[in-house]
Amino acid sequence: MNYWLMKSEPEVYSITDLQQQSETIWDGVRNYQARNFLRQMNEGDLAFFYHSNTNPLGIVGLMRVVKKDIADPTQFEPKSKYYDPKSNSESPRWQTVVVEFVEVFPNPILLSTLKDEFSAEELIVLRQGNRLSVMPIAEAVALKILAMKTS
């Protein structure tokens, strides 16, 4: 099993939305590096749900990958802001996954706490100028984060 961190703005899609829906397709990723990370995901992998562009920033819960290698349908929808006219159904440019809700953390693990506990080499989200919405997390770091959720 692998671990990931996936960011979403709570005004766009929050952990509460995922909890209410039970599962969702993680669509709209339009960064090639983030897309490549989505392609590496496997069913059963766990992902930390990170609320971005809000105050406070931080990890608010956990989700699980339940389907992989899904063509992001928004790339084919001309009215979608994620439409990609260069993509086609025979060879889609943008793949994604379906995730299911696992849990909301009792207290968010704030970005400031993550900075106190980890280095930028350990946790990509801490790197200066990082804008990725999907990133891998090493197992040792993920296990430490899971232990932090109850403290």
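Quick caveat, the model's predicted, so the values are computed rather than measured.
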Student: Under 3.5 Å, is there a donor-acceptor pair between the side chain of T54 and the main chain of L57?
Tutor: no
Student: Give me the atom names and distance for the closest heavy-atom approach of Y3 to A142.
Tutor: CG-CB, 3.3 Å
Student: Could you point out which residue of D45, V97, L38 forms a side chain to side chain contact (heavy atoms under 4.5 Å, CB included) with W4?
Tutor: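 That would be D45.
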Student: Applying side chain to side chain donor-acceptor pair (under 3.5 Å), run through S91 and N88 and close with a yes or a no.
Tutor: CA-CA 6 Å; S91 181; N88 62 64; 5.1 Å; no
Student: Taking atom types as modelled and ignoring hydrogens, do the side chains of T74 and R30 form a donor-acceptor contact shorter than 3.5 angstrom?
Tutor: yes
Student: Are any of the side-chain heavy atoms of Y50 and V60 separated by less than 4.5 Å?
Tutor: no
Student: Which donor-acceptor pairs under 3.5 Å do the side chains of residues 130-140 make with protein atoms, sequence neighbours left out?
Tutor:
unit_1	atom_1	unit_2	atom_2	d
N130	OD1	L132	N	3.3

Student: Using the ring centroid of each side chain, check whether Y83 and W94 are separated by less than 6.0 Å.
Tutor: no
Student: So, S87 and Q75: side-chain donor and acceptor under 3.5 Å apart, yes or no?
Tutor: yes
Student: Any idea how W26 and F49 line up, ring-wise: parallel (<30°), tilted (30 to 60°), or perpendicular (>60°)?
Tutor: perpendicular
Student: Looking at S14, is its backbone amide N or carbonyl O close enough to the side chain of D17 to form a donor-acceptor pair, meaning the two atoms are under 3.5 Å apart?
Tutor: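 Yes, the answer is positive, given that a donor and an acceptor are paired below the 3.5 Å cut-off.
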Student: Look up atom CG in N42 and atom NZ in K67, then write down how far apart they are to the nearest 0.5 Å.
Tutor: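 Result: 16.0 Å between the selected atoms.
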Student: Any side-chain heavy atom of T24 within less than 4.5 Å of one from V99?
Tutor: yes
Student: Hey, is K149 close enough to E103 for a salt bridge, meaning N to O under 4.0 Å?
Tutor: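 Salt bridge: yes.
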Student: With a 3.5 Å distance limit and no angle check, can you tell me whether H51 reaches the backbone of P108 through a side-chain donor-acceptor pair?
Tutor: no
Student: Please determine if K68 and E43 form a salt bridge, counting it only when a charged side-chain N lies under 4.0 Å from a carboxylate O.
Tutor: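 No salt bridge links K68 with E43.
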Student: Do Q19 and F101 have side-chain heavy atoms sitting under 4.5 Å apart?
Tutor: yes
